[in-house]
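Everything below concerns the one structure shown next.
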Amino acid sequence: MIECVLNDFDIDQIASSGQCFRFHRVGDKSYDLIAGTHLLNIQQNGRTVRFDCDEDEFNAIWRPYFDLDADYGRCKAAVAKRDIYLQNAVAYGGGLRILRQDLWETILCFIISQQNNIARITKCVENLCSLFGEICYNKSEQVYNSIPTAERLATCTPEDLAPVRLGYRAKYICAAARQVASGEVDLEAIRHMDYARAKAELLRLTGVGIKVAECICLFALHHIDAFPVDTHIRQMLDAHYPKGFPLKRYKGFAGVMQQYAFYYELSLKD
DNA sequence: AGCCAGGACGGAA
DNA sequence: TTCCGTCATGGC
């Protein structure tokens with residue numbers, strides 16, 4: 001068990017931010033999280049955060065996963081004083097982090113995310129894991145499955161995936177899985193590429209366009225200068241930045257600002 | 001009952 | 001290049 005006192009960290013905000021669909025709420029500010037092949041229970045009480053794991057696992061997996069060595073206060077301080085919108089967004093989502101998620105898991109989740117809503121994305125991901133996930137965890141009477149491997153999905157047809165209810169995205173998943181399993185697209189190589197090259201390589205995957213590629217770069221590869229523009233961000237840009245978002249001001253970490261804005265936009269629509 | 005959702009694809013112009 | 005119809009499903 002590891003206990004930390006953390007600034008700029010709110011597990012409820014992180015779990016509901018729409019960058020990860022694998023948080024399972026098990027109590028007040030308490031979640032089971034599946035990340036790749038790892039399972040964690042995390043619980044927050046004020047600024048104190050409990051990670052149910054040993055020190056080695058904490059340092060090797062969860063410290064980088066939650067980006068605990070980054071100073072988000074510095075990002076927040078960079079917001080222009082007169083930028084009322086972004087000031088509000090940062091104040092609202094001050095506990096967000098940009099996660100370092102598993103690459104293949106993020107590819108699948110964000111292929112599924114297209115033209116879809118977060119509630120249904122979460123259900124599709126759960127269906128995919130429970131029906132095709134290969135590794136199972138037993139934790140407090142709760143069974144969790146990992147995301148299915150590319151090799152497993154490469155053997156599937158879109159008809160096989162019908163119970164997952166992916167709609168037209170099923171054929172994208174099958175095709176992308178074959179590209180990865182065959183080595184046509186090399187995920188290990190992508191992990192070592194810079195942002196521009198990683199994005200170009202991800203775009204070769206069926207079902208991955210510019211927006212999804214940027215999400216993968218931001219939420220898995222931690223290229224935090226990626227700035228995915230989805231329908232919510234598009235509306236936000238039109239409404240608050242008609243002359244263009246000040247990307248240059250936030251060069252090198254624009255994706256952090258994007259995430260504050262995205263989370264803030266979601267809150268304004270319920 | 002419609003409108004919309006963290007869009008991508010293939011073909012037309 | 002840019003533009004446009006199409007693609008499934010279900011939350012709200």
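Not measured: the values here are computed from a predicted model. Each chain gets a letter, A, B and so on, in the order the sequences are listed, and its residues count up from 1.
- Regarding A/Gln235, its CD atom lies at a distance of 10 Å from the C1' atom of B/dA5, rounded to whole Å.
- Within 4.0 Å (heavy atoms only), A/Gly207 reaches sugar-phosphate atoms of the nucleic acid but no base atom.
- For A/Lys171, the side-chain atoms get nearest to C/dC7 when compared with the rest of C/dT9, C/dC7, B/dG7.
- Residues A/Asn116 and A/Ser113 bring no donor and acceptor atom of their side chains to less than 3.5 Å of each other.
- At the heavy-atom level, A/Ile111 lies nowhere under 4.0 Å from the strands shown.
- Within 4.0 Å (heavy atoms only), A/Leu205 reaches sugar-phosphate atoms of the nucleic acid but no base atom.
- Side-chain nitrogen and oxygen atoms of A/Arg120 include none within less than 4.0 Å of the OP1 or OP2 phosphate oxygen of C/dG10.
- Side-chain N/O atoms of A/Thr231 and A/Gln235 include a donor and acceptor closer than 3.5 Å.
- The aromatic rings of A/Trp62 and A/Tyr65 sit perpendicular, their planes meeting at an angle over 60°, well past the 30° parallel limit.
- Within the 4.0 angstrom heavy-atom criterion, no nucleotide atom of any strand lies near A/Thr122.
- Taking for each of A/Leu203 and A/Ile118 the nucleotide of DNA chain B with the nearest heavy atom, the 5'-most of the two is the partner of A/Ile118.
- Among the protein residues, A/Phe219 comes within range of the nucleic acid bases, having at least one heavy atom under 4.0 Å from a base atom.
- Separating the CD1 atom of A/Ile210 from the P atom of B/dC9 is a distance of 10 Å, rounded to the nearest angstrom.
- The distance between atom CZ of A/Arg204 and atom C1' of B/dC9, rounded to the nearest whole Å, is 17 Å.
- In terms of position along DNA chain C, the nucleotide closest to A/Tyr172 lies nearer the 5' end than the nucleotide closest to the other residue of the pair A/Tyr172 and A/Ala119.
- Rounded to whole Å, atom P of B/dA5 lies 19 Å from atom CD1 of A/Ile112.
- Distance, A/Leu266 CG to C/dC12 P: 13 Å, rounded to whole Å.
- One atom, NE2 of A/His232, and another, P of B/dA5, lie 5 Å apart when rounded to the nearest Å.
- Rounded to an integer number of Å, the gap from A/Gln114 CD to B/dG7 C1' is 5 Å.
- Side-chain N/O atoms of A/Thr206 and A/Gln179 include a donor and acceptor closer than 3.5 Å.
- Candidate nucleotides C/dA8, B/dA8, C/dG10 were compared by shortest atom distance to the side chain of A/Lys211, and B/dA8 ranks first.
- Here A/Lys123 does not reach the OP1 or OP2 of C/dT9: none of its side-chain N or O atoms lies under 4.0 Å away.
- Of the listed nucleotides (C/dG11, B/dA8, C/dA8), B/dA8 has the atom at the smallest distance from the side chain of A/Val212.
- Comparing the P positions of C/dA8 and B/dG11 gives a spacing of 15 Å, expressed to the nearest Å.
- Whole-Å rounding puts the A/Phe21 CZ to B/dA5 P distance at 15 Å.
- Between C/dA8 and A/Arg169, no contact under 4.0 Å exists linking OP1 or OP2 to a side-chain N or O.
- Using cut-offs of 30° and 60° for the angle between ring planes, the A/Phe262 and A/His232 rings count as perpendicular.
- Aromatic ring orientation, A/Tyr241 versus A/Tyr85: perpendicular (interplanar angle above 60°, classes split at 30° and 60°).
- At the heavy-atom level, A/Val229 lies nowhere under 4.0 Å from the strands shown.
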